[in-house]
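See below for the structure under consideration.
Quick caveat: nothing in here was measured; it's all calculated off a predicted structure. The chains referred to below are lettered A, B, ... by the order of the sequence lines, with proteins before strands, and numbering in each begins at 1.
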There are 2 protein chains.
Amino acid sequence: MSPARAAHYHGGMELDRFDRQLLNLVQEDAGQTAERLAEQVALSPSAIQRRLRRLREAGVIQRQAAVLDPRQVGRPTFFVVSLQVERERPELLAQLRRWLGAQAQVQQAFYVTGEADFVLVVTAPDTESFDALMLKLVEDNPNVRRFTTNVALSLVKRGLTIPVPLDEAD
Amino acid sequence: MSPARAAHYHGGMELDRFDRQLLNLVQEDAGQTAERLAEQVALSPSAIQRRLRRLREAGVIQRQAAVLDPRQVGRPTFFVVSLQVERERPELLAQLRRWLGAQAQVQQAFYVTGEADFVLVVTAPDTESFDALMLKLVEDNPNVRRFTTNVALSLVKRGLTIPVPLDEAD
DNA sequence: GCTGAAAGGTACTTAAA
DNA sequence: TTTAAGTACCTTTCAGC
């Protein structure tokens with residue numbers, strides 16, 4: 001690989017301006033047709049479809065997911081949990097990561113710097129359900145030292161959108 | 001509305017077992033065909049499609065979004081920010097919510113109980129970009145008192161999936 | 001290489017049973 | 001709800017840039 005390419009290398013394919021426009025559009029609405037996308041990107045529908053397929057195959061687009069209204073599925077409450085662990089034993093840390101990954105109620109989990117070691121975003125139908133999950137957390141994972149919970153009173157914003165700059169420079 | 005219905009009422013349509021199965025499936029993969037969904041839910045493809053359309057129209061499915069690989073779009077870093085504000089002036093609070101909603105780099109924002117008032121999940125290509133955003137935050141919003149940042153060293157899990165129980169009882 | 005245009009194939013939608 | 005006809009979309013091919 002040439003140095004010029006290496007400078008832009010992120011572990012995947014090169015993205016030109018069209019790809020970047022497409023990525024921004026499909027993050028907001030992955031359901032629209034190639035024809036409608038072609039109206040917003042100066043490209044023909046078939047070119048759009050070819051590029052989207054390439055982006056999927058390269059793993060730039062990992063998947064497309066339906067986003068539900070939390071209230072309409074009886075799960076209106078979100079919790080933000082900060083977790084502190086005993087870090088002396090790496091194998092317990094790996095176990096905790098697997099545990100978090102396996103829990104459907106855990107939407108997101110970040111391993112972070114700072115006072116907390118993990119930050120979680122958790123959904124639950126009510127406080128009891130949440131408490132039960134946290135009890136299971138400490139029971140199943142002996143290296144969890146303590147955690148603090150913030151109950152979300154309202155959702156200001158909720159998404160996974162990553163803004164993709166159109167200029168190649170990041 | 002009868003009391004029996006009111007007990008299950010979440011502000012939207014009633015969901016039977018088939019709907020709930022479908023919702024769980026399309027949250028993981030919204031791209032699969034009705035035929036493939038029909039293999040997993042004991043229903044014909046046309047029944048599947050009709051139900052999905054109803055769920056979209058009722059707003060249970062808000063949208064479908066492409067999920068990108070953060071590394072491949074040059075935005076590998078996540079930050080979890082806890083925000084404390086002066087709460088005396090409600091109009092400033094509303095302004096802050098609008099500001100957060102308008103920032104593309106802010107993926108998620110929760111208004112929470114506890115020591116922090118807001119918890120944010122922010123993406124940025126690097127620390128400088130993140131710092132610039134935080135500077136803009138305090139400049140544009142005079143009621144921001146202080147904030148603490150946790151840099152995500154790794155992503156354990158990342159999604160918006162809400163597990164939908166198949167039994168009507170939550 | 002990548003594009004746009006046309007043919008073909010697949011999946012969704014609609015209407016009837 | 002299933003089935004079948006009709007429609008819309010995606011995919012492939014090919015010629016040209």
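- A donor-acceptor contact under 3.5 angstrom links the side chains of A:Glu28 and A:Thr161, judged on distance only.
- In this structure, CZ of A:Arg17 is placed 19 Å from P of C:dC2, rounded to the nearest angstrom.
- Looking at residues two or more places apart in sequence or on another chain, you find no ring-ring contact (aromatic ring centres under 6.0 Å, His included) involving B:Phe147.
- Here salt bridge (charged side-chain N to carboxylate O under 4.0 Å, His left out) pairs that include residues 89-114 of chain A, with residues two or more places apart or in two chains, are A:Arg89-A:Glu91.
- Looking at residues two or more places apart in sequence or on another chain, you find no salt bridge (Lys or Arg N to Asp or Glu O under 4.0 Å) involving B:Arg36.
- Sorted by first and then second residue, the salt bridge (charged side-chain N to carboxylate O under 4.0 Å, His left out) pairs with a member in residues 40-51 of chain B read B:Asp16-B:Arg51, B:Asp19-B:Arg51; sequence neighbours excluded.
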Whether each nucleotide of nucleotides 4-17 of chain C has a protein heavy atom under 4.0 Å at its base (B), only at its sugar-phosphate (S) or at neither (-) is summarised, 5' to 3', as BB-----SSB----

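- B:Arg87 is linked by a side-chain contact (heavy atoms from CB on, under 4.5 Å) to B:Val85, B:Leu93, B:Tyr111, B:Asp117, counting only residues two or more places apart in sequence or in another chain.
- A:Glu115 is linked by a salt bridge (Lys or Arg N to Asp or Glu O under 4.0 Å) to nothing, counting only residues two or more places apart in sequence or in another chain.
- Members clustered with B:Phe110: A:Phe78, A:Val80, A:Phe110, A:Val112, A:Val119, A:Val121, A:Leu155, B:Phe78, B:Val80, B:Val112, B:Val119, B:Val121, B:Leu155, by chain and number, using a 4.5 Å side-chain heavy-atom cutoff among hydrophobic residues.
- Protein atom CG of A:Asp16 is 12 Å distant from nucleotide atom C1' of C:dG1, rounded to whole Å.
- For the contact set between residues 21-29 of chain A and DNA chain D, defined by any heavy atom under 4.0 Å, there are no members.
- Side-chain nitrogen and oxygen atoms of A:Arg36 include none within less than 4.0 Å of the OP1 or OP2 phosphate oxygen of D:dC9.
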